[in-house]
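To keep things clear, I will list the structure first and then write my remarks on it.
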Protein chains: 2
Amino acid sequence: MMNIFIYGVGKRYRCQMSTKNKILDAAEKLFAIQGFNGTSLREITSQAEVNLAAVNYHFGSKKELIKSVMSRYMNELSPRLELSLVNICEQEDLTLLEVFSAFIDPLLSLNEFKENGTSNFLQLLGRGYSDSQGFLRWFLTTQYPGVINNFVKAVQKAYPELTAEEMFWRLHFTMGTVVFTMSSSDALIDIAKSDFDKKMDIAGVIKKVIPYVAAGVAAPLL
Amino acid sequence: MMNIFIYGVGKRYRCQMSTKNKILDAAEKLFAIQGFNGTSLREITSQAEVNLAAVNYHFGSKKELIKSVMSRYMNELSPRLELSLVNICEQEDLTLLEVFSAFIDPLLSLNEFKENGTSNFLQLLGRGYSDSQGFLRWFLTTQYPGVINNFVKAVQKAYPELTAEEMFWRLHFTMGTVVFTMSSSDALIDIAKSDFDKKMDIAGVIKKVIPYVAAGVAAPLL
DNA sequence: GCCTAGTTTAAACAAGCGTTTGAAATAACG
DNA sequence: CGTTATTTCAAACGCTTGTTTAAACTAGGC
């Protein structure tokens, strides 16, 4: 039901978006909250109100579904992020705080792409690095190398004294900070609200974490 | 076989350490590598060369086994860590780098307690925060509040301008950095070796991460 | 040597998982 | 309309999980 059509070169392809997208949406939400391993296909299909077998019919396997969920965001994010990093890189007297701030707008733009998009994506990213013994880590670094390369280039320009090895470690520390924070961001936001009576959202968390990681990467070499 | 005896008040209790400890040792290693959810009781018991039912007989459930594995380390670590933090707190002109450096010796002392103790414990800690939807987080913060309190006190002394709310966030960022780094430290050490031909161990990683988190927490307030 | 409490064992249990099947339903096209 | 391709569906598959059972085995105390 509710099919849309895509007209190709003379040929007419049919593709139903309903079921496939209902699965993607339900999976995205549940994966973000419970992790990939912690979410079963039965949970996903019942939340999406589709048949259990639909996942394997449309995506082939659970692993491919996970990839599809991530790709939907990465395809949206990565060009904007690369552009933002390239732009910032042209600037002279570049600071690390500026480099990391280049992530803010592209990340927040995911909220226009989809409701709670930024939060969901970052949580998914966090899950991907802790669940599923690193296959998602491999998937992202091989499928989207442009982001990483431009990011490294920008950091190098802002902090030329940083050796390649030290950069390697500090970027992984940064990854850890972000990924961990985001995968438990809902809980942290709740605690901050009850303890400090401060309303906070994902944009607020991003703006808090960026000075932290920028200072961490900028730490003096011993 | 190989039982040891504990003499109580007149009564004589028997307790075999062999099976129970074999399970704890095997579980610890497997949990650290594969995570809690990723490790089955059958893997543990076959590695420990004991019967499958032994886990439920000696520990009651898998959840209690996880707690026991963590407690074995926390009971060793927490008094040393508290002492170290209290000591550093008495010092004047305290820097954040010194506060975080107070973790080094207590953490590395776990290597004397058990082979690969430091590495195993930190990896377990990392797993505990990503697997098992936060029940271990609850367990640790409620069972060992002294460590956290003394740590917060030390950070406050070293950086008095830091508000309670900002401290809350930055300490969570720090937790994320450490936990994420440690749960994938084996992989990172391997990459560092192949990419930079630098031999690294867990002590080396700790000494790299501490300047990073110290600088992150020390970041200027905007 | 018997009795008792503690421990180990093999086997089964019930529940959940991802995946596959083959028939029914639906939509597309000549 | 009739044929064909696509999509849905209920049911089952084979496997793994944590946990339980009840019988076998072990050793200490009298």
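Because only heavy atoms are used, hydrogens play no part in the values below, and waters and symmetry mates are left out as well, while side chains stay in. Model, not experiment: these values are computed from the prediction. Chain identifiers are assigned alphabetically (A, B, ...) following the order of the sequence lines, protein sequences preceding nucleic acid strands; residue numbering begins at 1 within each chain.
- A sub-4.0 Å separation between OP1 or OP2 of dT8(C) and a side-chain N or O of His58(B) is present.
- Lys62(B) NZ to Phe36(B) CZ: the interatomic distance, rounded to the nearest 0.5 Å, is 9.5 Å.
- In terms of the side chain to side chain donor-acceptor pair (under 3.5 Å) criterion, Asp195(A) has no residue partners (sequence neighbours excluded).
- If you measure from atom CZ of Phe59(B) to atom P of dT20(D), you get 16 Å, rounded to the nearest angstrom.
- Distance, Tyr57(A) OH to dT26(C) P: 15 Å, rounded to whole Å.
- Side-chain rings of Phe180(A) and Phe180(B) stay apart, their centers remaining 6.0 Å or farther from each other.
- To the nearest angstrom, C1' of dT16(D) lies 14 Å from CD1 of Ile44(B).
- Put simply, Asn51(A) has a side-chain N or O that comes within less than 4.0 Å of OP1 or OP2 on dA10(D).
- No salt bridge links Asp105(B) with Arg80(B); every basic N to acidic carboxylate O contact stays at or beyond 4.0 Å.
- A distance-only check finds no donor-acceptor pair linking the side chain of Ser84(A) to the backbone of Leu81(A) [under 3.5 Å].
- To the nearest 0.5 Å, atom CE of residue Met182(A) and atom CG of residue Leu188(A) are 9.5 Å apart.
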Dump every N/O contact between nucleotides 17-19 of chain C and the protein below 3.5 Å, one line per pair.
unit_1  : atom_1 : unit_2   : atom_2 : d
dC17(C) : OP1    : Ser40(A) : OG     : 3.1
dG18(C) : OP1    : Lys62(A) : NZ     : 2.8
dG18(C) : OP2    : Leu41(A) : N      : 2.8
dG18(C) : N7     : Arg42(A) : NH1    : 2.8
dG18(C) : O6     : Arg42(A) : NH2    : 2.8
dT19(C) : OP2    : Asn56(A) : OD1    : 3.3
dT19(C) : OP2    : Lys62(A) : N      : 2.9

